[in-house]
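What follows is one structure encoded as structure tokens, with my remarks underneath.
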Amino acid sequence: MDEDASAAAQALIQAHLGPDRRIRSAQDFRLALVEALKAMRKNPTPATSTVITFGTFDLFHFGHLRLLERAAQHGDRLVVGVSTDELSLMKKGRRPVYSARHRKAIISALACVDEVFDERSLKAKASYLRKYNAATLVMGSDWSGAFDRVAERFGCKPVYLERTPGVSSTHVIEVIEADK
Ligand code: C2G
């Protein structure tokens with residue numbers, strides 16, 4: 001099988017059997033190809049194209065919801081890296097009001113979200129894109145261009161969506177404190 005055909009066959013296997021299908025031998029490859037063709041006959045639309053996004057999502061608000069719902073429209077499944085309390089402290093200079101456990105529970109409960117994981121470092125994007133085989137990385141416009149290079153290195157399309165004006169976790173805290 002020439003290189004192009006082998007690359008096409010691998011793409012077919014990934015598209016119909018998902019990114020986690022491991023091929024260890026030529027025999028494996030042949031079996032997976034037959035299975036992928038059977039799967040394709042049953043359901044011509046490829047299995048999944050994964051969208052990935054990241055955030056602290058503290059004091060969950062309308063801006064977060066709009067970002068996640070729009071992100072989900074860029075693929076078949078949405079995976080969200082929720083920053084740990086330590087990473088959030090490093091990023092924002094204050095501990096989140098809601099713990100990582102609570103923030104993850106809120107995000108996982110959303111209809112538009114398929115999977116949630118711990119974002120432990122801003123520098124680990126490469127490993128997260130590889131692990132989830134992300135086709136698209138979506139962030140709010142306050143991160144415009146920040147992840148272009150790492151995304152393109154993984155054949156992942158970076159998309160920056162307009163931030164929702166007038167709402168932020170910091171603003172929520174200011175309003176509450178002003179009320180005291
Ligand atoms: N967001 C938005 N509109 C707002 C507030 C936030 O669209 N009014 C978006 C942000 O642009 C981000 C996401 O919601 O894409 C989560 O925002 P934060 O919780 O503030 O997360 P952030 O600190 O930007 O974390 O690795 C990247 C970081 O983890 C991103």
Side-chain angles (χ1 to χ4, degrees), residues 14-15 18-20 46-180:
Q14 285 244 346
D20 305 323
T48 55
S49 81
T50 299
V51 181
I52 197 164
T53 190
F54 303 85
T56 293
F57 302 104
D58 192 24
L59 301 172
F60 191 79
H61 55 64
F62 180 62
H64 295 145
L65 179 62
R66 272 193 78 233
L67 187 279
L68 294 171
E69 288 185 334
R70 287 176 295 158
Q73 287 161 15
H74 286 263
D76 300 292
R77 61 192 292 270
L78 176 62
V79 177
V80 184
V82 176
S83 313
T84 58
D85 295 335
E86 297 68 29
L87 178 59
S88 302
L89 176 60
M90 193 277 292
K91 278 190 306 179
K92 301 189 183 263
R94 69 165 173 81
R95 288 193 76 79
V97 176
Y98 296 167
S99 70
R101 190 168 67 82
H102 289 184
R103 290 180 285 117
K104 284 197 296 180
I106 292 166
I107 303 290
S108 315
L110 298 172
C112 61
V113 174
D114 297 283
E115 192 172 342
V116 169
F117 67 94
D118 290 326
E119 182 194 24
R120 297 182 183 286
S121 153
L122 287 179
K123 297 197 178 74
K125 290 273 174 321
S127 66
Y128 300 136
L129 296 184
R130 187 185 306 115
K131 177 168 181 203
Y132 294 98
N133 197 36
T136 311
L137 182 153
V138 172
M139 292 301 299
S141 51
D142 47 330
W143 290 91
S144 278
F147 307 120
D148 288 1
R149 278 186 49 198
V150 66
E152 277 141 21
R153 220 169 71 221
F154 283 88
C156 177
K157 188 171 147 227
V159 172
Y160 303 94
L161 301 174
E162 167 254 331
R163 231 179 112 79
T164 302
V167 58
S168 73
S169 313
T170 310
H171 180 64
V172 172
I173 293 169
E174 284 160 5
V175 170
I176 293 167
E177 283 182 346
D179 255 1
K180 276 191 196 150

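Both ligands and their constituent atoms are indexed starting at 1 by order of listing. Because the structure is predicted, anything quoted here is derived from the model rather than measured. Hydrogens, waters and symmetry mates are skipped; everything else that's a heavy atom, side chains included, is used.
Contact check for F54 versus K125: side-chain heavy atoms found under the 4.5 Å cut-off. Side-chain contact between H74 and L161 is present, with at least one heavy-atom pair separated by less than 4.5 Å. The shortest side-chain heavy-atom distance between Y160 and D148 falls under the 4.5 Å cut-off. A heavy-atom distance below 4.5 Å is not found between the side chains of D118 and L87.
Residue G140 places at least one N or O, backbone or side chain, under 3.5 Å from an N or O of ligand 1. Note: an N/O pair closer than 3.5 Å links K125 and ligand 1 by distance alone. Considering backbone and side-chain N/O atoms, W143 comes within less than 3.5 Å of an N/O atom of ligand 1. For a threshold of 3.5 Å applied to N or O pairs, the pair formed by E119 and ligand 1 contains at least one separation below that value.
In this structure, S83 has a heavy atom closer than 4.0 Å to ligand 1. Taking 4.0 Å as the cut-off, R66 does not count as a neighbour of ligand 1 on heavy-atom distance.
Residue, atom and distance of the protein heavy atom nearest to atom 28 (C) of ligand 1 are K91 NZ, 3.5 Å. The protein heavy-atom contact nearest to atom 20 (O) of ligand 1 is K92 NZ, 2.8 Å. Protein heavy atom at the shortest distance from atom 3 (N) of ligand 1 is T164 N, 3.1 Å.
Contact annotation: for L122 versus ligand 1, heavy atoms closer than 4.0 Å belong to the side chain alone. Proximity of D142 to ligand 1, defined as any heavy-atom pair under 4.0 Å, is confined to the side chain (atoms from C-beta onward).
Taking the six-membered ring for Trp and the full ring otherwise, the centers of Y132 and F117 sit less than 6.0 Å from each other.
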Please lay out, stage by stage, how D58 and K92 fare under the test side-chain contact (heavy atoms from CB on, under 4.5 Å).
CA-CA 11 Å; D58 192 24; K92 301 189 183 263; over 6 Å; no

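Of all heavy-atom pairs spanning N133 and T50, the tightest one is O-CB, 4.1 Å.
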